[in-house]
Amino acid sequence: MDRPQFHFTPNRGWINDPNGLVYFANEYHLFYQHDPYSAVGGGDRMHWGHATSHNLVDWQEQPVALAPDDLGTIWSGSAVVDWHDTSGFFGGKAGLVACYTQWQPARQVQSLAYSTDNGHTWIKYAENPIITAPELTVFRDPKVWWHASTDRWVLVVTIGQSVRFYTSPNLREWQAAGEFGTGHGAQAGVWECPDLFPLSIASNEAAERWVLLISTNGPTGSQMEYFIGDFDGEQFTSDYPAATVLPFDYGRDCYAAVTWSDIPATDRRRLAIGWMNNWQYARALPGDQWRGAMTIPRSLQLAERPTGLRLIQQPIAELAARRGIAHHYPARTITPEATAEPDLDGKALEIVITLTTNDAAESGLRVRTDATRGATIGYDWTTECLFIERSEAVPPVANFAGRQEAPLAPTNGSVTLQIFLDYSSIEIIADAGAVVLSALVFLAPHDGTTFYSKGGATTISALEVYPLTAES
Ligand code: FRU
């Protein structure tokens with residue numbers, strides 16, 4: 001894999017899920033599932049790796065935070081600021097507490113660790129594990145938050161194809177509460193990496209609904225979905241019929257995304273990051289020194305769309321720090337015979353493009369091309385679908401090829417796409433962030449960009465391109 005320029009990757013070794021996302025003492029922390037000794041990964045090798053940042057874009061790798069012990073390897077989980085020392089770990093001051101799953105072949109339990117130096121080193125709690133459920137084979141990925149209206153901590157873990165909530169006054173002793181999920185949403189695969197948080201509605205910031213993020217891993221690979229509803233401190237109820245599945249990302253490579261805890265109240269954003277990969281092929285992808293990347297960080301909100309209330313994702317504004325000089329291109333019309341190839345080659349680009357149909361059946365871009373290979377970012381005007389076609393961008397790996405598509409209705413005959421192209425990936429944001437498509441591509445060293453229109457003409461009515469740099 002060609003090392004991405006503006007996505008987080010480990011210097012060495014393997015990564016999967018983001019863990020312990022928290023902001024404290026002027027630092028954003030990104031912990032992650034990590035095999036520091038090889039790029040192989042696997043449940044029996046997991047540690048928490050660690051990186052810190054001042055802007056969510058430039059990351060500094062730190063020493064490994066948590067290593068396996070007698071209770072098992074260190075699987076996914078979360079971290080919070082214990083502002084009022086409810087845990088008693090901090091002598092009355094504020095400190096960080098992490099809660100994570102420990103894995104053994106036949107047992108998953110939840111454990112705690114705390115840090116008295118702002119997240120840089122961790123002490124495992126002497127009374128671990130803090131929660132067990134011997135009857136469950138899937139019992140993992142605790143996400144903890146302070147629930148202000150009931151004045152206590154809440155934790156959500158996955159239990160098979162559903163989640164269970166626990167409550168606690170002190171982060172150490174937990175009481176089981178409600179469950180949610182049986183028969184709801186995607187049920188083909190096991191549920192992993194839950195997150196639950198209140199989110200404001202873009203047009204009406206005073207209104208809030210609760211959003212539950214779930215990652216599901218099953219026969220068709222790794223996918224994410226979300227639920228919108230209400231949470232009373234013990235029980236989540238969905239606003240939608242049980243069969244509704246709301247995809248978080250329509251691409252194949254966004255998994256285990258969860259959100260940062262304790263973002264300052266003045267910021268008000270809910271920020272998420274995911275693992276840009278899919279268990280169906282993650283371990284088989286090229287890479288010997290390192291393997292795995294995170295998505296770009298995204299800011300989440302809810303918005304009313306024609307189909308109802310939806311989660312919207314926007315790239316964080318901080319990414320603009322990586323922009324080189326902007327290129328604005330004049331509008332142009334392309335036809336099947338006459339395609340345009342303005343000078344916008346590059347392997348790391350942000351492209352903001354508006355396509356307006358004249359009578360085209362399909363139009364779009366070819367990115368990372370040379371004469372023979374490339375990836376297609378296309379829009380099908382007849383089926384109203386946005387797609388990425390990466391069958392020429394395939395490593396020798398099973399289940400990787402293929403088209404990934406998302407429903408996307410045009411607005412007044414146009415669609416606008418914000419595209420983040422990096423050395424090994426494409427992320428597309430459309431429909432004000434209600435449609436996101438993330439996909440890995442393997443096309444080193446191709447760097448060409450072209451446009452195409454099939455079955456008629458397309459006007460490129462707006463086009464802005466920024467080269468994206470490796471450092472701010
Ligand atoms: C999700 C996941 C989690 C687990 C971790 C192990 O990708 O399977 O459920 O905690 O990865 O690395």
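Order of listing sets the numbers, starting from 1, for every ligand and every atom in it.
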Undergrad: Taking salt bridge (charged side-chain N to carboxylate O under 4.0 Å, His left out) as the test, write out the residues that go with Asp249, two or more places apart.
TA: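 Once residues adjacent in sequence are excluded, the partners of Asp249 under the salt bridge (charged side-chain N to carboxylate O under 4.0 Å, His left out) criterion are Arg298.
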
Undergrad: Short list, please: which atoms of ligand 1 are under 4.0 Å from a heavy atom of Met46?
TA: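 Under 4.0 Å from Met46, ligand 1 has these atoms: 12 (O).
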
Undergrad: For ligand 1, which atoms have a heavy atom of Trp279 less than 4.0 angstrom away?
TA: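 Answer for ligand 1: 1 (C), 7 (O), 8 (O), 11 (O).
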
Undergrad: May I ask you to check whether Trp48 and Phe31 place their ring centres under 6.0 Å from each other?
TA: yes

Undergrad: Classify the ring geometry of His184 against Phe180: parallel below 30°, tilted from 30° to 60°, perpendicular beyond 60°.
TA: tilted

Undergrad: Could you list the atoms of ligand 1 found under 4.0 angstrom from a heavy atom of Tyr255?
TA: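 Answer, ordered by atom number: 1 (C), 7 (O).
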
Undergrad: For ligand 1, find out whether one of its N or O atoms is nearer than 3.5 Å to an N or O atom of Trp275.
TA: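 In this structure, Trp275 places no N or O atom under 3.5 Å from an N or O of ligand 1.
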
Undergrad: Any idea which protein heavy atom is nearest atom 8 (O) of ligand 1, and the distance to it?
TA: Glu192 OE2, 2.9 Å

Undergrad: Determine, stepwise, if the pair Phe89 / Asp82 fulfils side chain to side chain contact (heavy atoms under 4.5 Å, CB included).
TA: CA-CA 9 Å; Phe89 292 146; Asp82 184 9; 5.6 Å; no

Undergrad: With a heavy-atom distance limit of 4.0 Å, tell me whether Trp103 approaches ligand 1 through its side chain, its backbone, both, or neither.
TA: neither

Undergrad: Test the Arg390-Phe400 pair against the cation-pi criterion, namely NZ or CZ under 6.0 angstrom from the six-membered ring centroid and within 45° of the ring axis.
TA: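 So Arg390 does make the cation-pi contact.
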
Undergrad: With Ser76 as reference, evaluate Thr158, Asn16, Asp17, Thr101 under the side chain to side chain donor-acceptor pair (under 3.5 Å) test and give the passing residue.
TA: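 The option that passes is Asp17.
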
Undergrad: Do Phe227 and Trp191 make the cut of ring centroids closer than 6.0 angstrom?
TA: yes

Undergrad: Could you check atom 4 (C) of ligand 1 against the protein and tell me its nearest heavy-atom contact, residue, atom and distance included?
TA: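 Protein heavy atom with the smallest distance to atom 4 (C) of ligand 1: Trp75 CE3, 3.4 Å.
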
Undergrad: Which residue and atom name correspond to the protein heavy atom nearest atom 5 (C) of ligand 1, and how close is it?
TA: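 Minimum-distance protein heavy atom for atom 5 (C) of ligand 1 reads Asp17 OD2, 3.5 Å.
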
Undergrad: For Ser76, counting its heavy atoms only, list the atoms of ligand 1 lying under 4.0 Å from any of them.
TA: 5 (C), 10 (O)

Undergrad: Please list the nearest protein heavy atom to atom 6 (C) of ligand 1 with its residue and the distance rounded to 0.1 Å.
TA: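 For atom 6 (C) of ligand 1, the nearest protein heavy atom is Gln33 OE1, 3.2 Å.
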
Undergrad: Judged by non-hydrogen atoms, does Asn16 sit under 4.0 Å from ligand 1?
TA: yes

Undergrad: May I ask you to decide whether Arg152 forms a salt bridge with Glu234, counting only side-chain N to carboxylate O separations under 4.0 Å?
TA: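 Counted as a salt bridge, because a side-chain N and a carboxylate O are separated by less than 4.0 Å.
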
Undergrad: Who's the nearest protein heavy-atom neighbour of atom 10 (O) of ligand 1, and how far?
TA: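 Protein heavy atom at minimum distance: Asp141 OD1, 2.6 Å.
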
